Amino acid sequence: MSLPKLSSYSGWVVEHVLPHMQENQPVSETLPSSASASALDQPSFVPKSPDTSSAFSPASPATPDGTKGKDESQHTESMVLQSSRGIKVEGCIRMYELAHRMKGAEGLRQWQEEQERKVRALSEMASEQLKRFDEWKELKQHKEYQDLREVMEKSSREALGHQEKLKAEHRHRAKILNLKLREAEQQRVKQVELERLRKEEGQVRLRALYALQEEMLQLSQQLDASEQHKGLLKVDLAAFQTRGNQLCSLISGIIRASSESGCPTAESQAEAERALQEMRDLLMNLGQEITRACEDKRRQDEEEAQVKLQEAQMQQGPEAHKEPPATSQGPGGKQNEDLQVKVQDITMQWYQQLQDASMQCVLTFEGLTNSKDSQAKKIKMDLQKAATIPVSQISTIAGSKLKEIFDKIHSLLSGKPVQSGGRSVSVTLNPQGLDFVQYKLAEKFVKQGEEEVASHHEAAFPIAVVASGIWELHPRVGDLILAHLHKKCPYSVPFYPTFKEGMALEDYQRMLGYQVKDSKVEQQDNFLKRMSGMIRLYAAIIQLRWPYGNRQEIHPHGLNHGWRWLAQILNMEPLSDVTATLLFDFLEVCGNALMKQYQVQFWKMLILIKEDYFPRELKLSQAQDRWVPSYASSSSWRNVCNTRTFLSPRAF
């Protein structure tokens, strides 16, 4: 598109045509001036092209020479001048062509602009499409990236899920395996426990078989001892002995087979018991035969003696009717001369010293007990509670509280304040407080043995271990414990009080240890029960020590005192109601400790009890024709002589 400009022929038209039109103005008067003016005003006078205005060309190339061209030019000028209408038409044609050309140029220009607009529109559309394509491509890439990411995440989740599943399966398998291992371990432990129980049961049965064999051998010895009555018996003694030997061989075979198998069966034990029972029945039958034979012999001897006596009386006269008095050997015969009734002098001196020390202690705090001052009474009650309540709290299930109780008692005796009844109590509140607390504490220990231990034998050990620890740190308390024990149970000295002239019977019974209330003496069983509790407490004290004390120091009242007590009581005449009970309780509690300490000497002591002291007690009971209670029955003596009583320690 170019800017509008004049034609290249416009100069020629202005120079050649316009002047001639002005000269020929009068000729064309008939033409309206307006039309010519308008025609002149139109731009159509500009020739369309050099071809269309060849007649107006100043020089024609077809002319051979200049002259000929000049003539033609003049001729043409004359033609133009002669024909103005033709010029006008020509001008109109020229103007139409110019207008058409201009219109075409305008249309071309518009078409070009339209094309440019279309090109721009297409360009913009292509640019937008390119942008959309880029956006779509970017979106597609993003989507692919997202899809890839989702696939990766899905794969990761699946891998994690698979891993978790594997972990869960592993945990499940491990749990199952642990359960199986635990079950296997439990089964193994159960098998071990069953095996242990089986072995223990086998050992118990084996010990029972040995005990049965021991009793069988004793019965066999008794059967052999009946040989001395062979002349009196009307039955064949050899049959009894043969059957007895067969029963002994039977039990020996059972024990031999059980030892080889390692575990006696219940059937073997039952068979041995049946054999033993048969042996007992056999010995009982033999004893009845011997008894009947002895009765027959005695009656026969009495009849013969009566006959001889009558014959002698008839021969010697009336002086022979006086019978000489029989010499009394006592219930034990000659054996009474071997034992003593009174306690040794040195033991009696020791006993009296402890009682004097106890009385002196009572006199020391007499001012506190007899005081009328309310404050002093309050202090006395607080001190008594602080001393006695901790001892009352000692039991078989105390456990770790024993140390707490021991520390509380030790702090009270050491002068430190302790809590009692929500208040702080100390022996320093009164000058006589320490003596009062020591006396009441010792009294409470003995009372616990008299009451708690008498009812629950196992309580002797926790009470004794605390008493032993206090005794070791505070020796005066131990002396007071012995004084109270000797006063309530004189057999713990051992000491048998004697009846003196002028002494009231009730006072003498109190000296023996009986409780007398309203002139009524307690029952014998209750008396023996209390004595049993106190002797058990004493037997536990002499063998136990406080576990948190100083082990390098010796026991303040150890097993040597128990051995002294056992030796002295065996050197004294037995009391039918008391001795068996005290010996059994004493040996049951500390027999194991004495066995470990004195070994062979202890076994000699047991043999002495079994073969010498036990028959003496039975003869004494029979001679006195007294009822022997359950505590002092022959079964108690049999328990005393049973060595199995001391094979297992009475451990606290």
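All figures in this text were calculated on a predicted structure; none of them were measured in a lab. Values below: every heavy atom of this structure, side chains too, minus hydrogens, waters and symmetry copies. Numbers here simply count residues along the sequence, with the first being 1.
- Salt bridge annotation for Lys529-Asp525: absent, with no cationic side-chain nitrogen under 4.0 angstrom from a carboxylate oxygen.
- Using modelled atom types and a 3.5 Å distance limit, the side chains of Glu404 and Gln393 yield no donor-acceptor pair.
- When the salt bridge (charged side-chain N to carboxylate O under 4.0 Å, His left out) test is applied to Glu169, no partner is found at least two apart in sequence or on another chain.
- Within 6.0 Å of the CD atom in Glu193, the count of heavy atoms belonging to other residues, nucleotides or ligands exceeds 12.
- Partner of Leu441 under the side-chain contact (heavy atoms from CB on, under 4.5 Å) criterion, out of Thr388, Ile481, Leu480, Leu413: Leu413 alone.
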Item to complete: Might you work through the ring pair (Phe, Tyr, Trp, His ring centres under 6.0 Å) test for Tyr538 and Trp565, ending with a clear yes or no?
Response: CA-CA 11 Å; Tyr538 179 69; Trp565 179 88; 7.1 Å; no

Item to complete: With side chain to side chain donor-acceptor pair (under 3.5 Å) as the test, would you mind laying out the steps for Gln246 and Arg243 before giving the verdict?
Response: CA-CA 5 Å; Gln246 291 176 355; Arg243 184 56 184 165; 3.0 Å; yes

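- Under a 4.0 Å N-O distance rule, the pair Glu443/Lys440 qualifies as a salt bridge.
- Of all heavy-atom pairs spanning Val516 and Gln509, the tightest one is CG2-OE1, 3.9 Å.
- For the pair Gln543 (side chain) and Val589 (backbone), a donor-acceptor distance under 3.5 Å is present.
- Judged by distance alone, the side chain of Ser268 and the main-chain N or O of Ile254 form no donor-acceptor pair under 3.5 Å.
- No side-chain donor-acceptor contact under 3.5 Å links Trp546 to the backbone of Lys403.
- At least one side-chain heavy atom of Asn592 sits under 4.5 Å from a side-chain heavy atom of Lys596.
- A tilted orientation is assigned to the rings of Trp563 and Phe602, their planes being inclined by 30° to 60°.
- The environment of Leu179 atom CG is dense: over 12 non-hydrogen atoms of other residues, nucleotides or ligands sit within 6.0 angstrom.
- No donor-acceptor distance shorter than 3.5 angstrom exists from the side chain of Ser358 to the backbone of Leu354, with no hydrogens or angles considered.
- Side-chain atoms of Arg530 come within 3.5 Å of backbone N or O of Gly513 as a donor-acceptor pair.
- Of the possible donor and acceptor atoms, none in the side chain of Gln515 sits under 3.5 Å from a partner among the backbone N and O of Glu522.
- Put simply, CD on Glu458 and CZ on Arg536 are 9.5 Å apart, with the number rounded to the nearest 0.5 Å.
- Using a 4.0 Å cut-off between charged side-chain N and carboxylate O, Arg205 and Glu201 make a salt bridge.
- Note on Glu185 versus Arg182: no salt bridge recorded, every NZ/NE/NH1/NH2 to OD/OE distance being 4.0 Å or above.
- Side-chain contact between Leu250 and Glu271: present, with at least one pair of heavy atoms (C-beta onward) separated by less than 4.5 Å.
- The structure places CD1 of Ile463 at 8.5 Å from CZ of Phe445, a figure rounded to the nearest 0.5 Å.
- The shortest non-hydrogen separation linking Leu473 to Phe406 is CD1-CZ, 3.6 Å.
- Note that CH2 of Trp471 and NE2 of His555 are 7.5 Å apart. Values are rounded to the nearest 0.5 Å.
- Of the possible polar contacts, one joining the Tyr491 side chain to the Leu512 backbone as a donor-acceptor pair under 3.5 Å is found.
- Of the possible donor and acceptor atoms, none in the side chain of Asp612 sits under 3.5 Å from a partner among the backbone N and O of Leu608.
- Heavy-atom contacts from other residues, nucleotides or ligands closer than 6.0 Å to CG of Leu197 number more than 12.
- In Arg196, the CZ atom is crowded: over 12 heavy atoms of neighbouring residues, nucleotides or ligands sit closer than 6.0 Å.
- At distances below 3.5 Å, not a single donor-acceptor pair connects side-chain atoms of Ser532 with backbone N or O atoms of Leu528.
- Proximity of a side-chain donor or acceptor of Ser414 to a complementary backbone N or O of His410 within less than 3.5 Å is detected.
- Note that CG of Leu482 is 5.0 Å distant from NE2 of His557, once rounded to the nearest 0.5 Å.
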